[in-house]
Amino acid sequence: MRVLGEIAESPFVLSRLSPNSTTAGRGFIGGWVGKCHGFLHNTVLVVAAILFVAYLAYEAKKSLSKLSNRRSYIMIAYYGCLWLVSLLNLAWCCLQAWECTPGKEVVWNVLTLFTTSGMLFLEVSLVAFLFQGNYASGAEALTRTFLISGLVIGFDLLLKAIYLFGFGVQLFIDNNEHIQKVKWGLWVIHKLLLAAIYGMIFFMYNSKWRERLPARPAFYKYITCMLALNGLSLFACTLAANGAHFGLWLYGITSVCYHAFYLPLLYVTFLADFFQEEDLNLENVYYSEMKDAGFFDADWE
């Protein structure tokens, strides 16, 4: 544990400083560069968010044309949600200095609450979409999926809002000087639930029940990545809840990975083939993926 503490306190790693840091008076630009999380942390977030939004904008004309031709309700709704969440995430990444700026606590909490809730909505709805089959396009499927996702996210958002504005627990402002066990206890439960869900799906993919899941290797890789990320985040939150500063540092790393790379990962997993593959070749692509995954092995026995 002593080695972990030395790593967390090293000046070469991402830092998690107190909102009451003495750097609070440097102004927005100075604060963005020098306080809260440091230049490296903020630069990775902002560059990744800008590049992804720029890519969406570059592909927008072709994507809208494809959506118009295929008339898939789910894809249209999901693409719109992706744009909204990507812009929220870009704003969140660019305004990191607000976390350590006196007087900005409320607006930072609201921005973070809606940004994280939007990203969680995409997580829940992606799993729900793919469980209904690849590229289900009916209005009924869209309504059912969004209803389930909306209920889950609504409960999650309400619970976090109660903790934030009812009990005054600073869920989205990390403080090295006063570690709140209530806050980290909530995050442990949150990450444990996510890790359990992804772990269950990962287990199903490696069991006799895999035929109930979509036969897409890209989905399996997505589940593996999210299980690893949430497992690592759960470990970090557990350490932080027990007062280990290394846990704060590790949680910062997982937070950077999530906000910088989750939306591109989701796009590659769920939307890239829809926009890039030709209609006549799409069925052959999925047949090939199913064959590689071993779904037709029984036919040859």
Side-chain angles (χ1 to χ4, degrees), residues 7-57 82-120 122 160 164 170-180 183-184 187 191 225 229-230 232-233 236-237 239-240 245-267:
I7 292 174
E9 293 172 2
S10 170
F12 298 102
V13 298
L14 304 182
S15 59
R16 312 285 295 180
L17 300 184
S18 166
N20 298 319
S21 171
T22 55
T23 58
R26 295 182 183 176
F28 182 81
I29 300 299
W32 189 91
V33 173
K35 71 175 182 178
C36 272
H37 311 284
F39 178 77
L40 178 61
H41 174 283
N42 297 337
T43 300
V44 171
L45 284 174
V46 172
V47 170
I50 289 177
L51 288 177
F52 183 63
V53 171
Y55 176 78
L56 288 180
L82 179 66
W83 258 108
L84 176 61
V85 175
S86 297
L87 293 175
L88 276 173
N89 188 57
L90 176 60
W92 184 88
C93 293
C94 292
L95 298 172
Q96 288 291 295
W98 281 7
E99 182 178 347
C100 303
T101 303
K104 294 289 187 179
E105 292 88 354
V106 174
V107 67
W108 170 256
N109 284 329
V110 171
L111 175 61
T112 308
L113 181 62
F114 280 100
T115 301
T116 54
S117 295
M119 296 179 74
L120 184 61
L122 294 178
K160 290 175 181 176
L164 275 170
Q170 296 297 329
L171 294 176
F172 306 120
I173 297 179
D174 296 336
N175 191 330
N176 283 357
E177 298 175 0
H178 305 287
I179 295 178
Q180 296 178 302
K183 162 190 170 177
W184 290 108
W187 284 127
K191 300 302 180 183
C225 291
L229 179 62
N230 282 281
L232 190 61
S233 184
C237 291
L239 290 178
H245 288 273
F246 176 74
L248 295 174
W249 173 79
L250 184 59
Y251 181 78
I253 294 291
T254 60
S255 179
V256 169
C257 292
Y258 183 67
H259 284 275
F261 305 118
Y262 174 69
L263 294 176
L265 173 65
L266 182 146
Y267 181 88

key: Rounded distance (nearest 0.5 Å) linking atom OG of S86 with atom CG of L266   = 9.0 Å

ask   = Say you draw a straight line from CG of L232 to NZ of K191; how long is it, rounded to the nearest 0.5 Å?
value = 10.5 Å

N89: partners by side chain to side chain donor-acceptor pair (under 3.5 Å), with sequence neighbours left out = H259

inquiry  = Applying side chain to side chain contact (heavy atoms under 4.5 Å, CB included) to L229 and Y262, what does each step give before you reach the verdict?
reply    = CA-CA 10 Å; L229 179 62; Y262 174 69; 5.9 Å; no

key: Contact check, side chains of Q180 and L171, non-hydrogen atoms, under 4.5 Å   = no

key: With Y55 via side chain to side chain contact (heavy atoms under 4.5 Å, CB included) - residues at least two apart   = E59, Y267, Q276

message = Nearest 0.5 angstrom please: W184 CH2 to Y251 OH, how far?
response = 5.5 Å

Side chain to side chain, T101 and W108, heavy atoms closer than 4.5 Å = no

task = Rounded to the nearest 0.5 Å, what's the gap from SG on C225 to CZ on F261? Could you check?
result = 12.0 Å

ask   = Do the non-hydrogen side-chain atoms of L111 and F172 ever get within less than 4.5 Å of each other?
value = no

ask   = Are any of the side-chain heavy atoms of L82 and F52 separated by less than 4.5 Å?
value = yes

inquiry  = Using a 6.0 Å cut-off, check whether atom CZ of F114 has over 12 heavy atoms from anything other than its own residue.
reply    = no

request  = Check A49 against L90 and note the closest heavy-atom contact, atom names and distance.
outcome  = CB-CD1, 3.7 Å

request  = Output the distance between atom OG1 (T112) and atom CD (E99), rounded to the nearest 0.5 Å.
outcome  = 7.0 Å

Minimal non-hydrogen separation, L239 against F246, with atom names = CD1-CD2, 3.6 Å

inquiry  = I'd like to check the salt bridge (Lys or Arg N to Asp or Glu O under 4.0 Å) partners of K160; sequence neighbours left out, ordered by chain and number.
reply    = D156

request  = Could you grab the distance from atom CG of L250 to atom SG of C237, nearest 0.5 Å is fine?
outcome  = 9.0 Å

query = Side chain of Q96, backbone of C94: donor and acceptor closer than 3.5 Å?
reply = no

